[in-house]
Each structure stands twice: as C-alpha cells, then as structure tokens.
Amino acid sequence: MNKSLKLIEPWVEHLCIPIINGANTHTLLDFNRFRYLGVPKTHEIKQGNVQLLNRDDIAQKMLIAIIGREDASPSTKGNIFIAARKHFAFCDGHAPPLTPLSETAFVKELEYNAMRQRRGEIKDSTESRRRADLSSLYQWQDLPFKNITPQSLRSRCTQTEPIRGYSDSDLKKLLPLLRSIFKQLYYQFIIDPESHINASSNAHTMVFSWNGINYPVSGGVSKIFYTATFLLSYYTWSNSTVLYNLKRPQDNTHAISNNWYQMPAFKRRAFKTITVEIGDHNRLEIPKYATQFFDQLITASKLVDPSSDGLLLPAYSYRKRKIQMMSGCLLNDFKAKWLAKY
C-alpha cells in the first residue's frame, strides 16, 4: 500500500479491517474514522455531514502500524485501535485542538487521565491501562514517548481500597445460585440430550428450582455453559478470553477424573489445587473440591460437540443450530436477561 496515496472517496473499503476482539466477537476497525474531525462512526461518515481533515496519510500509516504488527494478537490490535480513537477524539475536542500523535498531545492526555483518576472518576487500573495502550500506540508508530513524560505524571495508585466487582455477601448469594443452576440443568440435559439440543429456543424443556419455586427454562443447553464459564472463571481466576478458547481435555478412558488432572506435588497447596492439562501447553489450576464440576462440564461439552477438538465451553446457538465460540456479549446477555431475575 502506498502510504502517501491520496484518498478520493469519503469512505474506502480497504481501510476497514475485520478482527476478533477481546470479547471474542467480530468487530471492524475502520481507519477511515481518523480522516475526520472527532473520529465519527462509520455510518455517520457514509451519511455525510462530517468534516474531512488532511489526515489521509495518517489514517493509512495507522492501519499499517496496527494491522501489520506481527507480534500482537487481534484483541491487542483492537485495544490499540481504541486507544488511537480516544486519542484522536481527545485531540480534536481539546481547546485549542492538539496535533494527534505529537509529544504535546501525549502529555496532555496523560494529564487529563491523571486528573480523572484523582477525582475518582476512573479507577487506578483504568488509568494504568490507558497509559499503557497510549504508550504502545506511540511505540508502534515509532514515535518517542519514554522521555517526554513529566515525573509528576508517573503512574501511581490513588485509591487505597481496590474496587471489587462483587462483595462477600454478593458472592455468598451468587455462587450457590450458579452451582445450583449448573447442577440442575446438567442432570436434566444428560437424560435426553437430543431433545434439549433440537428444541426451539423458546421451548421450556428444563426446570430450575430455587427457594421453593419452580422456574421453566428455555435454551437450557446454552445456560449450562454460560453458568459453567462464570464458575470456571471463579475457580481458576483465568482470563475470560483464555477460557473462551480452551479446547476440551483429551481422555481415552471412561474414568475421566483419573486422566485429566495431575497433582502438583511441588506446590505447598497441592492438596487444595489440581492442575488440569489441556492440550500440549495449556494448564488450569482448579480447587480439588471442584473436580466433580469439571467432570460434568467435560461430559456436557462432549454431548454438545463430540468432535475430538471440541471447545471446553461451547456456546450452542438455537437459532443457527450450530456451535459457536463463547463471548462476553453472550454472557452479558445471559446475566442481564436471565440470571438477574434470581
């Protein structure tokens, strides 16, 4: 691609690149947006009423630097694209406007994030992540950044108490609920897997009992694995994206528990944890008390996808009648529309 090519059309297709983001869903990185004031959305560009700036070269160089980065995963490229989008929008919205990717713009954005951090508007972790992504953006563009950060803007913690997603009381309520959902739906599923898999998405083929009330359940197969993803994340402390991509452990005997785990004798806490060997390189450590859950998860996974390289946490689509990869969007939808009721 010619980096100095002048773009004639208001929107050009070769600047729009599809990737799989950190939530394991397809998304588009549209570098056309950097050509316009305020980094407008794609549909706004196509509708018109946007201000074109002299940034065609920058947009194309950005694409080459980010998409052509061979040592970065697609999700990392997506994160840096987002950092670039925020950086350009910050520069365009500043009074007076700043030149994107300049030393001044780098320092000004750090100052802005640090101010929001001190006010408690963003977490320490958010400030650190934005700082790291902005630094990577400059580094990938071969721009200096290490020697232009004032000492007063070095990253530091301002929030002594970490912000927790769930309190202890929340966890005491949530974990028994998740375990109960998984166990009840699992036992109903293995009795007649095909009837549940072939049912329509709104057919109530299962029942969930909670606090003395029976709730009809549709789409129960999917809910088994949504719940299992939350439980496995809690048991292992693993990154969600890692869990989405895990293949099912290989075993050749009917005694699953005797085959898929190893006891790490070198660990002082070996009596509490088990190392799960998944493939040639992946390992998970789970509490020993969760071995039954893991056995049941493997059994359910095989019933949904019996292929030798099946996913450990398959997301079954009733509408498409096929296996798809687990994603953050699916889990958020499950949590908001179904789990929140209990």
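Everything numeric in this text was worked out from a predicted model, so none of it was measured.
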Measure the shortest side-chain to side-chain distance between Ile80 and Ser136 over non-hydrogen atoms and say whether it is less than 4.5 angstrom.
yes

I want to check something: taking the side chain as every heavy atom from C-beta on, are Leu312 and Leu232 in contact at a cut-off of under 4.5 Å?
yes

Could you walk me through whether Leu311 and Leu246 pass the side-chain contact (heavy atoms from CB on, under 4.5 Å) check?
CA-CA 6 Å; Leu311 292 166; Leu246 283 178; over 6 Å; no

What distance do Tyr215 atom OH and Trp338 atom CH2 have between them, rounded to the nearest 0.5 Å?
10.0 Å

Just jot down the ring-ring contact (aromatic ring centres under 6.0 Å, His included) partners of Phe225, sequence neighbours excluded, or say none.
none

Are any of the side-chain heavy atoms of Val107 and Glu103 separated by less than 4.5 Å?
no

Is there a chain of hydrophobic side chains (I, L, V, M, F, W, Y, each step under 4.5 Å between heavy atoms) that links Tyr112 to Leu101?
no

Between Phe90 and Leu143, is there a shared hydrophobic cluster once you connect ILVMFWY residues whose side-chain heavy atoms come closer than 4.5 Å?
no

Residues at least two apart in sequence or cross-chain that pass side-chain contact (heavy atoms from CB on, under 4.5 Å) with Ser317, listed by chain then number, are Arg319, Lys320, Gln324

Go through the structure and list residues passing side-chain contact (heavy atoms from CB on, under 4.5 Å) with Ala89, not counting sequence neighbours.
Val39

Rounded to the nearest 0.5 Å, how far apart are CZ of Phe88 and OG1 of Thr99?
10.0 Å

Mind listing the closest non-hydrogen atom pair of Leu185 and Gly220 along with its distance?
CD1-O, 4.0 Å

Within this structure, what is the CG-CE distance for the pair Leu313 and Met325, rounded to the nearest 0.5 Å?
11.0 Å

For the CG atom of Leu303 and the CD1 atom of Ile298, what is their distance to the nearest 0.5 Å?
12.0 Å

Mind checking whether Met62 and Phe81 have side chains closer than 4.5 Å, heavy atoms only?
no

Looking at every non-hydrogen atom in both residues, tell me the closest pair between Arg33 and Arg85 and how far apart they are.
NH2-CD, 3.4 Å

Determine the interplanar angle of the Phe34 and Phe31 rings, folded into 0 to 90°, and report it as parallel if under 30°, tilted if 30 to 60°, perpendicular if over 60°.
tilted

Under the side-chain hydrogen bond (donor to acceptor under 3.5 Å, both in side chains) test, which residues partner Asp192, sequence neighbours left out?
Ser195

Shortest non-hydrogen separation from Phe106 to Ser135 and the atoms involved:
CZ-OG, 3.9 Å

Could you go through Gln184 and Gln188, starting from their C-alpha distance and side-chain angles, then the distance that decides it, and tell me whether this counts as side-chain contact (heavy atoms from CB on, under 4.5 Å)?
CA-CA 7 Å; Gln184 290 187 43; Gln188 295 173 66; 4.2 Å; yes

Please check this pair: side chain of Ser301 against backbone of Leu297, looking for a donor-acceptor N/O pair closer than 3.5 Å.
no

Could you grab the distance from atom CG of Leu174 to atom CZ of Phe230, nearest 0.5 Å is fine?
8.0 Å

Are a donor atom and an acceptor atom from the side chains of Ser102 and Thr104 found within less than 3.5 Å of each other?
no

Any side-chain heavy atom of Asn113 sitting closer than 4.5 Å to one from Thr126?
no

Which heavy atom of Tyr226 sits nearest a heavy atom of Met326, and at what distance?
CD2-SD, 3.6 Å

Those residues at least two apart in sequence (or on a different chain) that pass ring-ring contact (aromatic ring centres under 6.0 Å, His included) with Tyr36 are none

With ILVMFWY side chains joined below 4.5 Å, transitively, what does Leu28's cluster contain besides itself?
none

Is there side-chain contact between Lys86 and Asp133, with heavy atoms separated by less than 4.5 Å?
no

Looking at residues at least two apart in the chain, or sitting in another chain, which of them share a side-chain hydrogen bond (donor to acceptor under 3.5 Å, both in side chains) with Trp11?
Asp30

Please report the closest heavy-atom contact between Pro144 and Tyr138, naming both atoms and the distance.
O-CD2, 3.8 Å

By side-chain contact (heavy atoms from CB on, under 4.5 Å) - contacts of Ala72 (at least two apart)
Arg69, Thr76, Lys77, Trp140

Rounded to the nearest 0.5 Å, how far does CD1 of Ile82 lie from CG of Leu137?
12.0 Å

All side-chain contact (heavy atoms from CB on, under 4.5 Å) counterparts of Ser218, not counting sequence neighbours:
His204

Ser180 versus Trp210: any side-chain heavy-atom pair under 4.5 Å?
yes

Partners of Asn332 by side-chain hydrogen bond (donor to acceptor under 3.5 Å, both in side chains), sequence neighbours excluded?
none

side-chain hydrogen bond (donor to acceptor under 3.5 Å, both in side chains) involving Gln296 - partner list, sequence neighbours excluded:
Tyr187

Decide yes or no for Val50 and Leu37: does some side-chain heavy atom of the first lie under 4.5 Å from some side-chain heavy atom of the second?
no

State plainly whether one hydrophobic cluster holds both Leu177 and Ile213, where clusters connect Ile, Leu, Val, Met, Phe, Trp and Tyr through side-chain heavy atoms under 4.5 angstrom apart.
yes

Which salt bridge (Lys or Arg N to Asp or Glu O under 4.0 Å) pairs, counting each pair once, include a residue from residues 34-54, with sequence neighbours left out?
Arg35-Asp56

Are more than 12 heavy atoms from other residues, nucleotides or ligands located less than 6.0 Å from atom NE2 of His26?
no

How close do Thr205 and Ala199 get, counting heavy atoms only, and between which atoms?
CG2-CB, 3.6 Å

For Arg131, is there an ion pair with Glu127 - N to carboxylate O distance below 4.0 angstrom?
yes

Salt-bridge present (Asp305, Lys247; N to O < 4.0 Å)
no

Within the supplied structure, the quantity of interest is the number of heavy atoms (other residues, nucleotides, ligands) at a distance under 6.0 Å from Lys337 NZ; does it exceed 12?
no

